[in-house]
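Here's a structure for you.
Numbering of ligands and ligand atoms starts at 1, following listing order. As the structure is a prediction and not an experimental result, all values here were calculated from the model.
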Amino acid sequence: MAQAKPSEAVNFFLDGNFGPVAEERDAQDMQVEGTIPKDLAGHFLRVGPNPVHIFKEEAYHTFDGDGMIHAIEFADGAARYRNRFVQTDGYKLEQERGDWVYKGLNSILDPTPSRVPAGSPSNKNLANTAFAYHNNTLYALHEPSRPTVIKLPGLETLGATDFNGRLKHPFSAHPKVDQKTGEMMTFGYAFSTPFVSYSVINSTGELVHTTPITIEKPVFMHDFAASEKYTLFLDFPITFDIDRAIAGGPALGYEQEHGSRIGVMPRFGSDEEVRWFEVKTGVVVHTANAWDDGDEVVLQASRSKTADIIGAGTGAGDKLSDTQGQLYQWRINLNTGAITEGLLSELHCDFTRINDNYACHKTRYVYAGLFNSKRAFTFDGVMKYDSDSASETTYTYGADRYGGEAVFAPRVGAQAEDDGYLVSFVHDEKANQSECLIIDAQDIAAGPVAAIIMPFRVPYGFHAGWVAAD
Ligand SMILES: [Fe+2]
């Protein structure tokens with residue numbers, strides 16, 4: 001067989017530290033620079049695409065990869081690492097067969113006959129995107145699919161759930177858990193009606209409320225927000241349009257004319273109760289938090305001018321900086337209808353996180369990954385934005401070092417909102433060495449208090465999570 005030229009052999013999302021790892025492993029007594037804090041107790045989790053059986057390498061898309069969880073369990077100043085595949089039905093089917101069954105996002109129109117068995121769902125539940133922890137249950141999430149229950153500490157897959165038959169719609173990778181009420185709000189979007197559905201799961205894990213949410217046409221709605229009283233939906237202009245695809249454009253693409261509107265509905269409201277507010281046109285992939293402030297509801301998110309969703313930021317055309325978000329805030333006055341909106345910081349960032357114990361209530365701080373200015377999907381560092389002083393502090397990982405999402409882990413016994421650590425995986429591309437960094441969230445500019453030198457490569461992935469030991 002003729003050898004392909006390197007330029008043809010490389011798929012961005014199979015190359016370098018985007019490439020998958022084959023083995024599931026365990027490690028203890030890892031080399032540490034600095035000292036792992038004794039008051040960091042719980043599980044740091046990172047999920048991402050880790051494909052095993054690929055239909056065609058050149059057509060592989062990062063959104064196709066089987067979910068793999070990389071986890072570090074912290075206790076008494078020590079760390080233990082595990083990585084495990086999420087054993088979804090689709091993963092198991094391909095393992096049994098020893099070959100691909102699902103063709104993937106870029107190959108939907110490929111004439112090769114599908115191998116999906118009759119009666120099985122045509123799409124794989126990849127469980128590769130993000131986590132939720134609610135009612136003492138850890139879920140690995142994939143937005144077209146049902147949540148997959150994962151057991152700690154061993155990361156065993158217990159299976160997908162439909163909440164005793166009550167979940168009738170796709171389940172977002174970014175549900176919101178209000179720790180004060182114990183409720184988890186979620187939604188799902190679809191390309192057929194209802195385009196959006198919304199549900200509330202109560203503190204004992206029972207799905208108790210569902211309503212459709214009417215919007216004009218299907219959109220990519222990756223995230224939403226919830227305050228103490230309201231749930232907010234983002235009808236923003238990454239639209240799904242078959243006619244545009246037939247005309248040679250993207251099926252899922254930016255459509256300026258669609259505009260942007262935020263729907264505000266009481267937490268247990270219904271479709272008719274949604275109030276839609278027109279805002280300046282932009283794109284939001286991830287929100288940070290929302291809260292109520294008198295007559296106003298406040299939303300903070302990462303917002304960009306446009307987006308390249310299917311290209312995952314690697315597509316030609318739009319300037320990279322136009323597709324990379326910046327921290328942005330909307331204040332919606334529910335009494336007068338007045339909207340105040342604007343940039344909070346000039347820095348390009350996404351994968352916005354807060355102290356999850358404060359979700360749906362007023363937060364002072366947002367943490368976010370600082371975008372790599374040259375390449376999509378990795379971060380040069382991390383930032384902390386302070387709403388009170390309207391300023392940010394940053395820490396950058398250094399030359400040839402790129403990181404993923406930094407999650408906030410509250411210190412054991414924490415009193416203040418930012419009393420804790422930011423934990424993330426970073427990869428040194430020159431040394432081909434992965435590390436887990438632990439940064440004091442009250443002084444991120446000081447850099448890590450500990451860096452765990454990973455004995456195995458940890459590929460770049462999607463979202464991270466933290467489950468406290470208590
Ligand atoms: Fe996400």
Is it true that atom CG of Asp271 has more than 12 heavy atoms of other residues, nucleotides or ligands lying nearer than 6.0 Å?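 Enclosed.
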Using modelled atom types only, decide if a donor and an acceptor are shared between the side chain of Arg267 and the backbone of Ser227 within a distance under 3.5 Å.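 Yes: the side chain of Arg267 pairs with the backbone of Ser227.
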Quick check: are there more than 12 heavy atoms from other residues, nucleotides or ligands sitting under 6.0 Å from CD of Gln433?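 Yes, enclosed.
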Please answer whether the main-chain N or O of Gly269 pairs with a side-chain N or O of His209 as donor and acceptor at a distance below 3.5 Å.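 Checking the backbone N and O of Gly269 against the side chain of His209, a donor-acceptor pair under 3.5 Å is found.
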Looking at Tyr367, is Lys384 sitting on its ring face, NZ or CZ under 6.0 Å from the six-membered ring centre and within 45 degrees of the normal?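 Output no; distance or angle outside limits.
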Check for me: within less than 2.8 Å of the Fe ion (ligand 1), which protein N/O/S atoms show up?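 You should have found His174 NE2, His222 NE2, His286 NE2, His463 NE2.
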Going by distance alone, is a donor N or O of one side chain under 3.5 Å from an acceptor N or O of the other, for Gln300 and Ser387?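 Indeed, the side chains of Gln300 and Ser387 share at least one donor-acceptor pair under 3.5 Å.
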